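Presented below is the structure to which this report refers.
Scope of the values below: all heavy atoms of this structure, side chains included, with no hydrogens, waters or symmetry mates. This is a predicted model, so every value here is computed, not measured.
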Amino acid sequence: MYVFQSAGQLSIEEFHVPFGGKLDPGNRWVVLANVIPWEPLENRYAPLFSAKTGAPAKPFRMAFGALYIQQRLGITDRETVELITESPYLQFFIGLSGFQYLRPFDPSMMVHFRKRIGPDLIKVCNDMTKANGIAMIQELLASSQEAEIEAEQRELEAIETELGVRPSTLEPGSNWGTLILDATCVPDDIPYPVDLRLLNEAREVTETIIDALFKQLQDQINRKPRCNRDKARNLFLAIIKKKKPKRAEIREAKRFQLNEIKRNLNAIDRMIHCGAVLLALGTQLYRKLLVTSELHRQQQEMYDMDSRRVDNRIVNLSKPHVRPIVRGKAGKKTEFGAKISISDDNGFVEVDRISWDNYNEANDLIERAERYKEERGYYPARICADAIYMTVANKKFCEDHGIRLSGRARKKETAEAEVQSTEQQELFKSDLRKRSVIEGRIGTSKRKYGLDRIMTKLVATSRTVIGMAFFVMNAEKVLRFLRLLFAFFVFVYIVITCLFVPERRAALLGAY
């Protein structure tokens, strides 16, 4: 059940502080709370719940605000709740009416927040927040038109261009803007998938299941199915501790582990026929049993074929959706995590595609350009992309719609490339420098916003974490411009005061 908490957005003056004083209106969390349009987003969040049945859910501002705080600061679920409990600014940001000493929610609720707020809702939040932030900045820019100073006016026009605001002097429907495309892999928090380690873990899972099912059948069977636990464990340790074990030794250890898993799975089947109930194992253990069965099939197939490749290969029992992504990067030829396609839309980054299976990102260019037109009413003037996007279909699409597709040609096409003029070469170099911006966005998302290692285990929660990282990046961009404008207005105020008010000028000079 969902209950709307208030009819209006809480202001900083209404926030109650029991120990006296007031909160700083210029604090980053206060400014950000005014940028995000909470009420329209809450109206989209409420239909996820029943109107009458169930316990009242936490409001959208509390759920989304907690996820934002966690992603921005790079902390755990428990640490997020502790920081919110200690800070009045964070409590104001998540929508509380006053400071309280009790925890607003349990840390386990963070998992439910990530499940409920998926990538689709985050995209809506991103679009609304971006539009609201640009509207606030334009309002501040309009109020600054009274100060007729050419240098400042040029700076303000540059800010509008950086925000992706189309100049009014252009013809309606003409192409405008820059779209930068790229793809990367966000690694999951899993150990390197050594086959022998995976088989040993799967064997231990089946032994745990046998122990749990035997407790249900103690009155029907007198003896627990035999498992060579100690022998299998010792053989695994003997191989894994060697610095360079021989290939024959590894293959023999795999064969032993495969036989143990097969015997354990057969024993589980016999116990089920005797009356054991798998539902009593719990969701997590039952899920691991299904994953173990498929893992045994894949590993047995690779063992029989003496191969190291199989379709839809499982590399982790806790995260069976993770697949090897061959990227060919320096130092990391293969990564294990989600592959994402992102686009820089005039300074704002969006996630276009998330997949744990490898794919060709060149197929996303046409769809992204069409969505650009649906949102704005015109195509971008140029698309900067890597060499993999330079396909025949993409080039033809861009040529038909008057889009300049800029990027290095593929190796096969380099020899056939026409000789370019000096102006074309300079334009090409300028576009390459522009494309490097998205590389910086990727690096920032991994170093600062937690995409270098995804800690969540479910597909839905991992998608939420990836989407939140880029939402935080876009929100921080809006905040930077708001602070820049604030500093600019302070500068203009000081200049005007010194020029036209002698008493204020004398006071300011006396202060220094």
Is the count of non-hydrogen atoms from other residues, nucleotides or ligands lying under 6.0 Å from [X] atom [atom1] greater than 12?
X      : atom1 : answer
Gln284 : CD    : no
Lys457 : NZ    : no
Glu439 : CD    : yes

Non-neighbouring partners of Asp386 that pass side-chain hydrogen bond (donor to acceptor under 3.5 Å, both in side chains), sequence neighbours left out
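So Asp386 forms no side-chain hydrogen bond (donor to acceptor under 3.5 Å, both in side chains) with any residue.
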What residues form a side-chain hydrogen bond (donor to acceptor under 3.5 Å, both in side chains) with Asp352, not counting sequence neighbours?
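Partners of Asp352 under the side-chain hydrogen bond (donor to acceptor under 3.5 Å, both in side chains) test: Ser343, Arg368, Arg371.
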From CG (Leu295) to CG (Leu317), nearest 0.5 Å:
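Reported value, rounded in 0.5 Å steps: 6.0 Å.
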Spacing of Lys319 atom NZ and Ile454 atom CD1 [to the nearest 0.5 Å]
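The CD1 atom of Ile454 is 8.0 Å from NZ of Lys319, to the nearest 0.5 Å.
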Using modelled atom types only, decide if a donor and an acceptor are shared between the side chain of [X] and the backbone of [Y] within a distance under 3.5 Å.
X      : Y      : answer
Gln91  : Ile84  : yes
Ser445 : Ile442 : yes
Trp38  : Ala33  : yes
Thr208 : Glu204 : yes
Asn394 : Tyr389 : yes
Gln71  : Val472 : no

Does this structure show an ion pair linking [X] with [Y], if we count only N-O contacts that are shorter than 4.0 Å?
X      : Y      : answer
Asp106 : Lys58  : no
Arg480 : Glu476 : no
Asp188 : Arg323 : no
Asp182 : Arg435 : yes

May I ask you to test the [X]-[Y] pair for a side-chain heavy-atom distance under 4.5 Å?
X      : Y      : result
Pro107 : Glu79  : no
Leu179 : Leu365 : no
Phe60  : Phe113 : no
Leu41  : Met128 : yes

Kindly give the heavy-atom pair with the smallest separation between [X] and [Y], and that separation in Å.
X      : Y      : answer
Glu86  : Phe99  : O-CE1, 4.1 Å
Pro324 : Val315 : CG-CG1, 3.9 Å
Thr80  : Ala66  : CG2-O, 3.8 Å

Report yes or no: is the cationic atom of [X] (NZ for Lys, CZ for Arg) closer than 6.0 Å to the six-membered ring centre of [Y], at no more than 45° off its axis?
X      : Y      : answer
Arg61  : Phe92  : yes
Lys339 : Tyr359 : yes
Arg116 : Tyr45  : no
Lys373 : Tyr378 : no

Please test Tyr372 against Trp176 for ring pair (Phe, Tyr, Trp, His ring centres under 6.0 Å), starting from the C-alpha separation and ending with a verdict.
CA-CA 11 Å; Tyr372 187 98; Trp176 184 85; 8.4 Å; no
Where does the angle between the aromatic ring planes of Trp29 and Tyr68 fall among parallel (under 30°), tilted (30 to 60°) and perpendicular (over 60°)?
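Taking Tyr68 first and then Trp29, their aromatic rings stand perpendicular (interplane angle over 60°).
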Counting only pairs under 3.5 Å, give me each side-chain donor-acceptor contact of residues 119-127, with atom names and distances, residues two or more places apart or in other chains.
from: Lys123; atom 1: NZ; to: Asp127; atom 2: OD2; distance (Å): 3.1
from: Asn126; atom 1: OD1; to: Asn474; atom 2: ND2; distance (Å): 3.1

